[in-house]
Amino acid sequence: SIFARTSNFASAALAAAAHFISPPISIFARTSTHRIIRTMLASASAVRHLARSASRHTSRLGGVRCMGGIEAYDDYGKACFTGAVADEYLQKQGASGDLLKDPSWTKTHSDVVAAAVLDWATDNGANTFCHWFQPMASSGVRHGQSGQVQNKMLAFNADNKIEFDFKGKDLIKGETDGSSYPNGGLRGTHCAGGYLAIDTSSPIFLRGDTMFIPSAFVSYYGAALDEKTPLLRANAALNKQGCRLLKHLGLDVSDGLRANIGLEQEIFLIPREAYYKRPDLQLTGRTIMGKDAPRGQEMCDHYMAPLSSATPALACMQEIQDECFKLGIPLKTRHREVAPNQFEFAPLFGPNTTQIDQNLMVMQIIEEVAPRHGLTALLQEKPFNDVNGSGKHNNWSLATADGVQLFEPSAINAACNNETAFTVIMAAMIAAVDEHGDLMRMAISSPGNDFRLGACEAPPAIVSCYLGEDMTFYLEHFKDGKGKGEYVPGIKTLDLGTREVLPFEVPAEDRNRTSPFPYGGARFEFRAVGSAQNVSMVNTVLNTIIAEKFGEFSDRIDAGESAIDVAREALNKHWRVIFNGDNYCDTAQQELTDRGLWRIDSGVEAIHTLTSEKNTKLFEKMHVMTKEECEAREIILHDHYTGTVEMEALTMVDMLNQHVIPSVKAAGVGPLSELEAAVGTIKDAMAEIHAADSSYKKGQLARVLRLETMIDIRAVCDAAEEVVPANLWTLATYKELLFLDSHVDAAPSEEMIYEE
């Protein structure tokens, strides 16, 4: 029974037993597993000892492994129904993988695809399917940020025989309750229908015994109830308006235009034992109190330092990559980030819907793999005070179906046979950022970004665009009618003056990590995106605002204006948004504010811009969201913010009452009266929030509670931690949470623990 209660330690404990018992094979041969459990694991402490020993032993000896041959990756992508995998199974049904390239297969060949998918799933041990969708307001609270109902692909016959059963109708459509997810009033208990339709732009995949069908989620009337549907509509707008403009510039795009993204995922990995001593991390994903450790990131010693085999972190990251590879997720890069215990993964870029689906699975896999290594993964944007938080840089580019990059000057100019094609496209982009910087700010207003933006770890909440001096010089001459010819990016040669390192070429432009939206050569990088976000809204906004400008340019060219004149006018009108300096500098921030750029410091106020007249008209004109959908989404986002703050506030009350105040009383030192008064202050603030008459007002009050009241109370808590003796402080400290490299246990002891 003790073993059953500590089942999380089962596999690790048995592995430890196999390692430490000498000789393990002969004992296991003579003794049943149950007898070993009764003999050795008579107490929970013994189980934990064995589990910890196994974890240490695995980390040192078996957790870090090498794969010398490419054969080790033969299973890459076999759990993803696309490419060669799909082609093999569709050929058995008399079709081919090319069938999936045209979404009309859902109307004409759904039974064929369903039969192929069923064969593939069962060959790989799956017997269950679900329509996998993305409810709104999931970041920070919903594991995996997805919704699903898992159904067996089985028919239960009257004669008690079971057979596999999965038809086209099961594949392409599903139904669920639309009222039990955040919906902003679009659904109710009396009108609860929610419908799921397969998204053919993102491949079906397998994990374990279940097949996941990426799907859009809408109401009975077609209103978007998810993150994905507006993005798919924005993709359509981009394709339509982008193809129009490209045709004017000399390129007839028959196969369409698409947006590609690459998402850099930052995380923290902390010891799981310490995590269990932090109610705030367990319930909210961030520390709402906690004194700084004597050491932080001031020595810049963690960034891209070696991944140590003496801790579980490397083995954990390897296993995360392995699981992702099975799903066809090209999670290529791993490294340490700036803050202690902070790490990053990065995949290769790809179509935005596929990349977003894969990123959600990456985050889920990260959270599920970490505990197997005695760790907890934190995805929240700002888990710890006074060290860097985590982002998810959204590298965004546009390309034709055959790979011509619109933001790569030589490629697009050559394809259009037009030396100013790139210049016209850049003018449209600059105009879009200047005009709709409020929407870009809205799109990154996740609760965790409250503590990140502008803190010398993420760009400030002033939306500007970095182009570099080289391109800025060219565009300035173009807009003023002074220059001719196409833009050719400069390069320069670095000569180190050594024989061993020969001179090499680098881009003429430096990297500006302080800009919220820098050009990086063939792409723009939206750097302010939060690590826990589903980035569908981010990319919905980017696609929509550039689609509008492409359409406006095309309309004017249709009316007889030249593309060059339209681009020049746009550059002159929106030139203010270009800034190549230091966005962290207070003087520069004031300069940008004085220019009239979008500056919205409050995430709550940024969310409110979603329903401004300018923005609802934009989304309606581009057929991305109706006014009603925009209004519902604002309510959802404000409720998500307020709900996040309420969880943090109530957790702070519990931690004060159950940990901080008892510790101060036990020690006989510390600001006891201030701590006791803080409990009432928080409760009064929550009562005021509950009494507010709108989601917007609740959000405004919640922001004051979070960023003013609770920060002041945190300072009192941290002052208490500073004076209470360590043996009386019951919460895990920053020292215990943040320094895996400094908390490596001693080598495993050969001494065993037996309790009769």
Side-chain angles (χ1 to χ4, degrees), residues 102-104 106-107 131-138 172-173 178 181-184 186-187 194-202 214-245 253 255-261 351-357 360 394 396 398-399 401 428 432 436 439-440 442-443 526 533-552 554 609-612 614-634 636-637:
D102 183 351
S104 66
T106 58
K107 299 291 186 183
H131 288 95
W132 183 75
F133 60 100
Q134 300 166 18
M136 292 182 277
S138 294
I172 64 172
K173 189 176 68 174
Y181 302 94
N183 61 73
L186 292 174
R187 296 278 78 192
Y195 296 88
L196 301 158
I198 185 172
D199 169 21
T200 59
S201 72
S202 190
S215 302
F217 179 39
V218 298
S219 75
Y220 179 77
Y221 299 102
L225 300 176
D226 63 349
E227 300 277 6
K228 173 171 285 203
T229 300
L231 177 62
L232 292 170
R233 295 171 181 165
N235 285 349
L238 170 67
N239 178 59
K240 177 180 178 180
Q241 303 302 336
C243 289
R244 283 183 66 202
L245 181 60
V253 183
D255 294 329
L257 191 66
R258 74 183 190 189
N260 293 312
I261 59 173
N352 57 13
T353 52
T354 301
Q355 286 289 302
I356 291 168
D357 288 357
L360 295 186
N394 191 103
W396 176 76
L398 304 177
H436 296 299
L439 279 176
M440 294 175 66
M442 178 278 299
F526 201 173
Q533 284 190 255
N534 177 322
V535 298
S536 292
M537 179 55 77
V538 169
N539 289 282
T540 296
V541 167
L542 292 178
N543 285 9
T544 303
I545 64 177
I546 191 61
E548 183 201 36
K549 291 304 168 190
F550 284 168
E552 289 179 356
S554 297
T609 66
L610 180 56
T611 55
S612 71
K614 170 181 80 74
N615 293 333
T616 55
K617 284 184 175 180
L618 165 71
F619 285 121
E620 288 191 311
K621 180 172 71 171
M622 293 292 105
H623 304 289
V624 172
M625 287 189 288
T626 64
K627 182 179 180 181
E628 182 185 31
E629 288 173 316
C630 290
E631 291 170 346
R633 206 158 289 247
E634 182 192 341
I636 292 165
L637 292 173

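All values derive from a computational prediction rather than experimental measurement.
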Any idea which heavy atoms bring [X] and [Y] closest together, and the distance?
X: Cys630; Y: Phe619; value: SG-CD1, 3.8 Å
X: Thr200; Y: Pro103; value: OG1-CB, 3.5 Å
X: Ser536; Y: Ile356; value: OG-CG2, 3.6 Å
X: Cys243; Y: Gly256; value: SG-CA, 4.0 Å
X: Glu227; Y: Pro135; value: CG-O, 3.9 Å
X: Ala399; Y: Leu257; value: O-CD1, 3.3 Å

### Asp102, CG: over 12 other non-hydrogen atoms inside 6.0 angstrom
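Count over threshold, so yes.
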
### Message
For Glu552, is the CD atom crowded, meaning more than 12 foreign heavy atoms sit under 6.0 Å from it?
### Response
yes

Listed by chain and number, what are the salt bridge (Lys or Arg N to Asp or Glu O under 4.0 Å) partners of [X], not counting sequence neighbours?
X: Arg258; result: none
X: Glu629; result: Arg233
X: Lys627; result: none

Are [X] and [Y] packed together at the side-chain level, in the sense that at least one heavy-atom pair is separated by less than 4.5 angstrom?
X: Arg187; Y: Tyr221; value: yes
X: Trp396; Y: Phe526; value: no
X: Ser138; Y: Asn534; value: no
X: Gln134; Y: Ser215; value: no
X: Pro214; Y: Lys228; value: yes
X: Met537; Y: Met136; value: no
X: Leu618; Y: Leu439; value: yes
X: Glu548; Y: His436; value: yes

Between [atom1] of [X] and [atom2] of [Y], what distance do you get to the nearest 0.5 Å?
X: Lys173; Y: His131; atom1: NZ; atom2: NE2; value: 10.0 Å
X: Tyr220; Y: Tyr195; atom1: OH; atom2: OH; value: 6.5 Å
X: Thr544; Y: Leu238; atom1: OG1; atom2: CG; value: 9.0 Å
X: Thr616; Y: Glu634; atom1: OG1; atom2: CD; value: 11.0 Å
X: Ser554; Y: Lys549; atom1: OG; atom2: NZ; value: 12.5 Å
X: Asn543; Y: Ile546; atom1: CG; atom2: CD1; value: 9.5 Å

Do [X] and [Y] pair up side chain to side chain, a donor and an acceptor below 3.5 Å, judged on atom types alone?
X: Asn539; Y: Gln355; value: no
X: Asn260; Y: Asn352; value: no
X: Glu631; Y: Thr611; value: no
X: Ser202; Y: Thr353; value: no
X: Thr229; Y: Asp226; value: yes

### Message
Could you walk me through whether Arg633 and Met625 satisfy the side chain to side chain contact (heavy atoms under 4.5 Å, CB included) test, starting with their C-alpha distance in whole Å, then the side-chain angles of each, then the deciding distance to 0.1 Å, before giving a yes or no?
### Response
CA-CA 10 Å; Arg633 206 158 289 247; Met625 287 189 288; 3.6 Å; yes

### Query
Ring centroid separation for Phe133 and Tyr181, is it under 6.0 angstrom?
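Yes; Tyr181 has its ring centre under 6.0 Å from that of Phe133.
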
### Residue among Thr609, Ile545, Leu610, Val541 satisfying side-chain contact (heavy atoms from CB on, under 4.5 Å) with Asn615
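Among Thr609, Ile545, Leu610, Val541, the one that satisfies the side-chain contact (heavy atoms from CB on, under 4.5 Å) with Asn615 is Thr609.
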
